[in-house]
Number of protein chains: 2
Amino acid sequence: MCEKVIEINFGDSLSNLSLKASSLKCPPPFLLKTYELLEEGSEVEDEMKIVSWNEEGNGFVVWSPAEFSELILPRFFKHNNFSSFIRQLNTYGFKKISSKRWEFQHEKFQKGCRHMLVEISRKKCEPSVFPSYLKSCSEENGMANNSSVEENNDNNHELLMEENKNLKKERMELQMQIAECKALEMKLLECLSQCMDRQQNKVRRLC
Amino acid sequence: MCEKVIEINFGDSLSNLSLKASSLKCPPPFLLKTYELLEEGSEVEDEMKIVSWNEEGNGFVVWSPAEFSELILPRFFKHNNFSSFIRQLNTYGFKKISSKRWEFQHEKFQKGCRHMLVEISRKKCEPSVFPSYLKSCSEENGMANNSSVEENNDNNHELLMEENKNLKKERMELQMQIAECKALEMKLLECLSQCMDRQQNKVRRLC
DNA sequence: GGGAATATTCCC
DNA sequence: GGGAATATTCCC
């Protein structure tokens, strides 16, 4: 469906930067399929509508989740679960904007704007949340997670460099810890093995 | 389909150790489905066989990849691609054991041994402690030096953020590894302690 | 064969 | 709504 990404060297890093992740790439399959099922679904007469763009064209509505799941989803995706569809919407940053109906919105997902789809990307799972037993570790580095607002780039740049340096140091320390752990593991296994051997021998001798 | 894992405390860390990730769990869907399609496929007469256990029952053969992809795969999985099936086999550690036919084997995947499936698990991409770390460290240091030329601040900022994100992810993974190491250490210590207790008791009894 | 991105499922 | 495991795809 999509063509390969074409590499173009503009000999101009600014152009390259602004084109990054935009017009040369095709949108993720999920977004394209959702856009296409809306194009198709919006053509139906009102009474029969299962899914369509909303009035403003800046979002869409699933009018009948049951029919949507049974009839539409399997034609576009490899499943017929409404919840899996919702999970994907959330992954791509869509918001449910009504409590009364299944209406979703994303800034870059609008009627007639297929070209904007490439600007939408999956939310990546940031390692900010640690399991409880690691919490004390993560709290030491508490500053790190607050920086997501990023109002000031210059200032941020220095902070970032500092943080990266610290992270690398930390990485080295953690790697050392792991190496020590592994070494201890080996020793313990050796001990255990010896202990079991001795046990056998003593029993034999004493018998 | 599968019931929840039942936690059983054997009060004996040796048993616990040997039971690790085994009989209480249900097998991953992929393994169960593959096993089932083989049960079904092996009943067919020889001439018509598309897929079946091999003669020894310690592996299986896809006799006709084309028919297998078209007729069997979509009944058990959400696709009809032979290569996706192969990718899963590799993920679970199966080996292709013949260059003449599509024959695959896994130690714990045998005819009549459905109960052994739970012993098979997905290969996890665990970076082995020493060599890979040293390698990645040196590589990243190299990159850092190059980027210090700083031709483009914006670009650099993005690279830094990217690196920062990756470092945090790496940190979390390392912390997880350490947590696992510590847990194993505890188990081993417990084992050792029990083993030594038993040794003492037996000696005493025999004296 | 396997790394990595995306999709689907399961579960909190 | 989102974390995380498993499945599927894509690419080297």
Side-chain angles (χ1 to χ4, degrees), chain A residues 1-5 7 21 25-34 69 73-74 76-99 102 104-106 117-118 120-132 134-135 138, chain B residues 1-5 21 25-34 37 69 73-74 76-99 102 104-106 117-118 120-128 132 135-136 139 162 165-166 168-170 172-173 176 179-180:
Chain A
M1 185 185 294
C2 276
E3 299 178 53
K4 286 218 166 201
V5 174
E7 297 274 340
K25 281 165 64 178
C26 60
F30 171 74
L31 297 173
L32 210 50
K33 289 175 183 174
T34 304
S69 304
L73 285 180
F76 289 84
F77 304 99
K78 290 175 183 291
H79 65 84
N80 57 1
N81 305 310
F82 193 53
S83 56
S84 291
F85 179 70
I86 303 295
R87 185 73 197 82
Q88 281 281 69
L89 290 177
N90 287 323
T91 299
Y92 282 96
F94 284 73
K95 297 293 175 200
K96 188 166 183 292
I97 57 164
S98 167
S99 58
W102 293 97
F104 300 90
Q105 210 176 37
H106 186 295
L117 298 183
V118 292
I120 305 176
S121 58
R122 292 165 70 88
K123 287 194 256 178
K124 282 174 189 169
C125 44
E126 296 185 25
S128 52
V129 181
F130 286 76
S132 56
L134 291 175
K135 192 125 186 287
S138 66
Chain B
M1 184 188 294
C2 276
E3 300 175 51
K4 285 219 166 200
V5 175
K25 282 163 63 178
C26 62
F30 171 74
L31 297 173
L32 211 49
K33 288 175 183 173
T34 304
L37 72 82
S69 303
L73 284 181
F76 289 85
F77 305 100
K78 290 175 182 290
H79 65 85
N80 57 1
N81 304 310
F82 194 52
S83 55
S84 292
F85 179 70
I86 305 293
R87 185 72 198 84
Q88 281 281 68
L89 289 177
N90 287 323
T91 299
Y92 282 97
F94 284 73
K95 297 293 175 201
K96 188 166 183 294
I97 58 166
S98 167
S99 58
W102 293 97
F104 299 90
Q105 210 175 39
H106 186 295
L117 299 182
V118 292
I120 306 176
S121 58
R122 292 166 71 89
K123 286 194 258 179
K124 283 175 189 168
C125 39
E126 295 180 50
S128 66
S132 63
K135 194 171 161 235
S136 71
E139 275 170 3
E162 180 75 13
K165 208 178 357 175
N166 289 336
K168 283 180 186 168
K169 188 177 163 203
E170 222 180 317
M172 188 186 58
E173 287 163 357
M176 297 288 274
E180 278 170 22

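Labels below follow one simple rule: chain letters A, B, ... track the order of the sequence lines, proteins then strands, and each chain is numbered from 1.
Distances shorter than 4.0 Å separate some side-chain N or O of A:Asn81 from OP1 or OP2 on C:dT9. In this model, the phosphate group of C:dT9 is not approached by any side-chain N or O of A:Lys78 to a distance below 4.0 Å at OP1 or OP2.
Checking C:dA7, C:dT9, D:dA7 against every side-chain atom of A:Pro29, the shortest atom distance belongs to C:dA7. Checking D:dT8, D:dT6, C:dA7 against the side-chain heavy atoms of B:Phe77 singles out D:dT8 as nearest. Distance from the side chain of B:Ser84 is smallest for D:dT9 among the nucleotides C:dT9, D:dG2, D:dT9.
The aromatic rings of A:Phe82 and A:Trp102 lie perpendicular to each other, with more than 60° between the two planes, well past the 30° mark.
Residues A:Phe30 and A:Phe76 keep their aromatic ring centres 6.0 Å or farther apart.
For the pair B:Arg87 CZ and C:dT6 P, the interatomic distance rounds to 16 Å; values are reported in whole Å. For A:Gln88 and D:dT8, the CD to C1' distance is 12 Å, given to the nearest whole Å. Separating the CH2 atom of A:Trp102 from the C1' atom of D:dG1 is a distance of 12 Å, rounded to the nearest angstrom. Atom P of nucleotide C:dA7 and atom NZ of A:Lys123 are separated by 15 Å, given to the nearest angstrom. Rounded to an integer number of Å, the gap from CD1 of B:Ile86 to P of D:dC12 is 20 Å. Atom CZ of A:Phe85 is separated from atom P of C:dT9 by 14 Å (rounded to the nearest Å). Going from atom CG of B:Leu32 over to atom C1' of D:dT6 covers 14 Å, rounded to whole Å. Atom C1' of nucleotide D:dT9 and atom CZ of A:Arg122 are separated by 12 Å, given to the nearest angstrom.
Nearest heavy-atom pair, B:Lys123 versus B:Asn90, reported as atom, atom and distance to 0.1 Å: CE-O, 3.0 Å. Here the shortest heavy-atom pairing between B:Ser84 and B:His79 reads CB-CE1, 3.5 Å.
Residues A:Arg87 and A:Ser83 have side chains that never bring a donor and an acceptor to within less than 3.5 angstrom of each other.
Among the protein residues, A:Tyr92 comes within range of the sugar-phosphate backbone only, with heavy atoms under 4.0 Å from sugar or phosphate atoms but none that close to a base.
Two residues, A:Lys96 and B:Phe30, neighbour DNA chain D, and the one matched to the more 5' nucleotide by heavy-atom proximity is A:Lys96. Nearest-nucleotide assignment on DNA chain D puts the 5′-proximal partner with A:Thr91, out of A:Thr91 and B:Asn80.
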